[in-house]
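What follows is a single structure, written as structure tokens, with notes after it.
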Amino acid sequence: MPHSESTPEQQDPPARTELTPTMEDTTLNLGNGGLTDEDLLMADVDEVESPPVVPPAAVEQEPPPSSAPAEEDAPVEIKQETKSDIKLEDLFDGMDSDSDDEFSGKNNHTNKDLVTGQVPPSSPGPAAPSGGGSNPDLLRAFYQLLFPWRHYFQWLNHSPTPTPDFKHREFSLWLSGGVVFRFQSYATLDLLRKDVFKHLPERIEIGPIYTANPRDRKTFRNSSAFKPVAKELCFDIDLTDYDDVRTCCDKANICGKCWRFITMAIKVLGVALKEDFGYEHVMWVYSGRRGAHAWVCDRKARGLDDHKRKAIGNYFSVVKGGEKTGKRVNVRRPLHPHLARSLGILKEHFLTDVLEAQDPWREEDRAEKLLMLLPDVKLRVALKEKWEANPGRSSVVKWGDIDSVAKTMGSVNTKDLLEAKQDIVLEYTYPRLDILVTEQKTHLLKSPFVVHPGTGRVCVPIDTDDLDGFDPLGVPTIRGLVNEIDTAGGVVKKEGDDEDRRGAEWEKTSIKPYIDQFRGFVHGLLREEREFVRVKREREEEGGLDF
């Protein structure tokens, strides 16, 4: 690792437990009988006929069903008080991501507050935010007409036909009123869609692939018989972690200026994941409000155990400690090639996006922090006197003052000063990660293409070929997309289309380029999966030859 004082010993992953076949599980079939890439993408999967879509104003709510005892996979209600004898280990052995206000902290939604039980459908929930992300009528139209179900299934299944990679995958559905379904799994895309159409979740989270069906987890007496075996390697970046260096916004608020910190992080991590680890299939997704998520989908990344995931997380742990811990970057010299390369990427961003755009040291108290990061005490005193005598100097000018004053003094160790300035650049620009998302296979992460309930924005993929052109405040919103469909003339069935396709409504809206990008990403991932199976089959055949 480029920055740790000691390198933890990486352990070989334990032997991967074979997935136990169920009545529908067969051998992984990725040969596809000579199907072309386009055949692979458009291969038929089990479909469900969507209920007719009518204008949101005309949709009536279903009457609440009669009360019934909670079943094995009953929803989870978030309450403020719980009994001390309730055991939650079997329910929430993983963590969920994204501490958005709608789901955590602000509403005291913590793991210890989760209990099983059936929430009456008529129970009043929180008022729908203005973004429309909690509006059931808009959600119904979005899931039926705009969600990329076919490509979503192929992305998680790694094949056009159902495999254990999909059947044993955990999904979590977050409903209005604080109701959460954990450990949901589906044998087919048809069943997942039916459940989503039924519950209209405000949020969907994705968990790991288990050795068996997550719904059957309580039937196993031996804990080793039910355990996570695979999951994409994920990274989570949240702008609230940059509150000590951004001056334009704070907390959940964002703008184009502070989004540049996300752009820097994606550039640094993107190059490192490819050049240092050899990963090719990395998808970055906007979180819908103030952050971004990376899904590393390569087969070798999905199979990493938690020890190796932690090692990768440590590799990128450069900025450490909290806002009040003083110097947060302490890296060894000579710099690891990854850090040297990262500085080359970040130095221009530091001048334009930090010093000029954020002006982090204009105020006296913030300038004090800069002084504390410099190693020479006499230099600190000289700079402080200069800035007090000339108040209102910008951060760009103060950054230049460091070299000019040091040169005038003549006694400053130039090597130590250069290294200190490098550390300052890293502290203000290097990616800041929610490390648990990377380290733990069981950690849930918000699904792509869901709608953020607070902003109404869709969690769309980010085009890494045009990072500077991505505008988080300009992504499609659920309300805007439904209006676009209405403007385009509503649901139109094309001649020759099947009943469910309904003319591909998303093609008429501003979400089209994001779905096209997602489709291309899945296309490349499936091509690699077919190649892996082909090579594996050839090796097995060669090994079986008897000379």
Side-chain angles (χ1 to χ4, degrees), residues 2-5 239-250 257-258 260-261 264-265 268 316-336 338-433:
H3 45 268
S4 301
E5 293 301 327
L239 276 175
T240 55
D241 293 324
Y242 292 81
D243 280 355
D244 64 315
V245 296
R246 60 174 179 158
T247 60
C248 54
C249 307
D250 64 353
K257 288 183 179 181
C258 55
R260 299 297 293 171
F261 288 106
M264 300 177 216
V268 168
F316 294 112
S317 294
V318 175
V319 182
K320 301 180 180 182
E323 181 178 350
K324 299 180 180 180
T325 56
K327 193 171 188 291
R328 301 182 63 183
V329 172
N330 295 280
V331 294
R332 292 179 296 179
R333 263 63 181 191
L335 288 176
H336 186 279
H338 161 64
L339 293 179
R341 181 182 61 225
S342 297
L343 278 172
I345 296 172
L346 295 170
K347 62 183 180 181
E348 291 300 323
H349 286 285
F350 178 73
L351 293 175
T352 58
D353 298 325
V354 177
L355 298 189
E356 293 179 5
Q358 297 294 331
D359 200 2
W361 306 315
R362 178 176 289 274
E363 301 299 330
E364 182 178 349
D365 58 336
R366 286 179 173 264
E368 284 287 344
K369 177 181 178 181
L370 170 61
L371 293 175
M372 294 304 298
L373 298 177
L374 300 175
D376 192 288
V377 177
K378 293 181 179 179
L379 176 61
R380 293 183 204 166
V381 173
L383 286 169
K384 186 173 182 178
E385 292 176 351
K386 182 181 183 69
W387 295 344
E388 288 177 347
N390 300 273
R393 295 171 76 82
S394 70
S395 297
V396 173
V397 175
K398 288 179 177 177
W399 183 250
D401 288 341
I402 296 175
D403 285 338
S404 61
V405 172
K407 185 176 181 181
T408 301
M409 294 175 60
S411 60
V412 178
N413 186 309
T414 56
K415 178 177 178 294
D416 290 347
L417 182 60
L418 173 62
E419 293 178 355
K421 292 182 69 176
Q422 290 175 339
D423 289 351
I424 292 171
V425 173
L426 291 173
E427 179 166 336
Y428 278 75
T429 59
Y430 192 85
R432 302 181 177 193
L433 305 176

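- At most 12 heavy atoms of other shown residues, nucleotides or ligands fall within 6.0 angstrom of atom NZ in Lys257.
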Discussion item. Apply side chain to side chain contact (heavy atoms under 4.5 Å, CB included) to residues Phe261 and Val245 and explain how you reach the verdict.
Written reply: CA-CA 10 Å; Phe261 288 106; Val245 296; 3.9 Å; yes
Discussion item. Asp423 vs Arg333, test: salt bridge (Lys or Arg N to Asp or Glu O under 4.0 Å). Steps then yes/no.
Written reply: CA-CA 11 Å; Asp423 289 351; Arg333 263 63 181 191; 3.1 Å; yes
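- The neighbour count for Glu368 CD, taken as heavy atoms of other residues, nucleotides or ligands under 6.0 Å away, is above 12.
- Distance check, rounded to the nearest 0.5 Å: CG of Leu383 to NZ of Lys386 gives 8.5 Å.
- In this structure, Leu343 CG and Arg341 CZ are separated by 11.0 Å, a value rounded to the nearest 0.5 Å.
- Distance check, rounded to the nearest 0.5 Å: CG of Asn330 to CD of Glu427 gives 9.0 Å.
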Under 3.5 Å, sequence neighbours excluded: what are the donor-acceptor pairs made by side chains of residues 369-378?
unit_1 : atom_1 : unit_2 : atom_2 : d
Lys369 : NZ     : Asp244 : OD2    : 3.2
Asp376 : OD1    : Lys378 : N      : 3.0
Asp376 : OD1    : Leu379 : N      : 2.9

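- Using a 4.5 Å heavy-atom cutoff, the side chains of Cys258 and Gln358 are in contact.
- Between His338 and Phe316, the distance separating the two ring centers is shorter than 6.0 angstrom.
- The shortest side-chain heavy-atom distance between Gln422 and Leu335 falls under the 4.5 Å cut-off.
- Across all non-hydrogen atoms, the minimal contact from Ala382 to Met409 is CB-SD, 4.1 Å.
- No side-chain heavy atom of Thr429 sits under 4.5 Å from any side-chain heavy atom of Lys347.
- In terms of heavy atoms, Asp243 sits closest to Cys249 at OD1-O, 4.4 Å.
- With respect to the salt-bridge test (charged N to carboxylate O, under 4.0 angstrom), the residues Asp241 and Arg432 do not qualify.
- In plain terms, the two heavy atoms of Arg328 and Thr325 that are nearest each other are CG-OG1, 3.7 Å.
- Within the 4.5 Å cutoff, the side chain of Leu346 has no heavy atoms near those of the Phe350 side chain.
- Residues Val354 and Met264 form a side-chain contact, since some pair of their non-hydrogen atoms from C-beta on lies under 4.5 Å apart.
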Practice prompt. Show the numbers, then the answer: is there a side chain to side chain contact (heavy atoms under 4.5 Å, CB included) between Arg393 and Asn390?
Written response: CA-CA 7 Å; Arg393 295 171 76 82; Asn390 300 273; 3.6 Å; yes
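- Closest non-hydrogen pair, Arg362 versus Gly392, comes out as NH1-O, 2.8 Å.
- For the atom pair Lys327 NZ and Lys320 NZ, the distance stands at 12.0 Å (nearest 0.5 Å).
- Asp250 and Arg246 make their closest contact through C-NH2, 3.3 Å (heavy atoms, listed as atom of the first residue, atom of the second, distance).
- Looking only at atom types and distance, the side chain of Asp359 has a donor-acceptor partner in the side chain of Ser395 under 3.5 Å away.
- Proximity of the aromatic rings of Trp387 and Trp361 is defined here by a centroid distance below 6.0 angstrom, and this criterion is not met.
- Counting only heavy atoms from C-beta outward, the side chains of Pro360 and Tyr428 approach each other to under 4.5 Å.
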Item to complete: Take Lys398 and Asp401 through the test salt bridge (Lys or Arg N to Asp or Glu O under 4.0 Å) and record every step on the way to the result.
Response: CA-CA 5 Å; Lys398 288 179 177 177; Asp401 288 341; over 6 Å; no
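- Residues Tyr430 and Val329 have side chains not in contact (no heavy-atom distance under 4.5 Å, counting atoms from C-beta outward).
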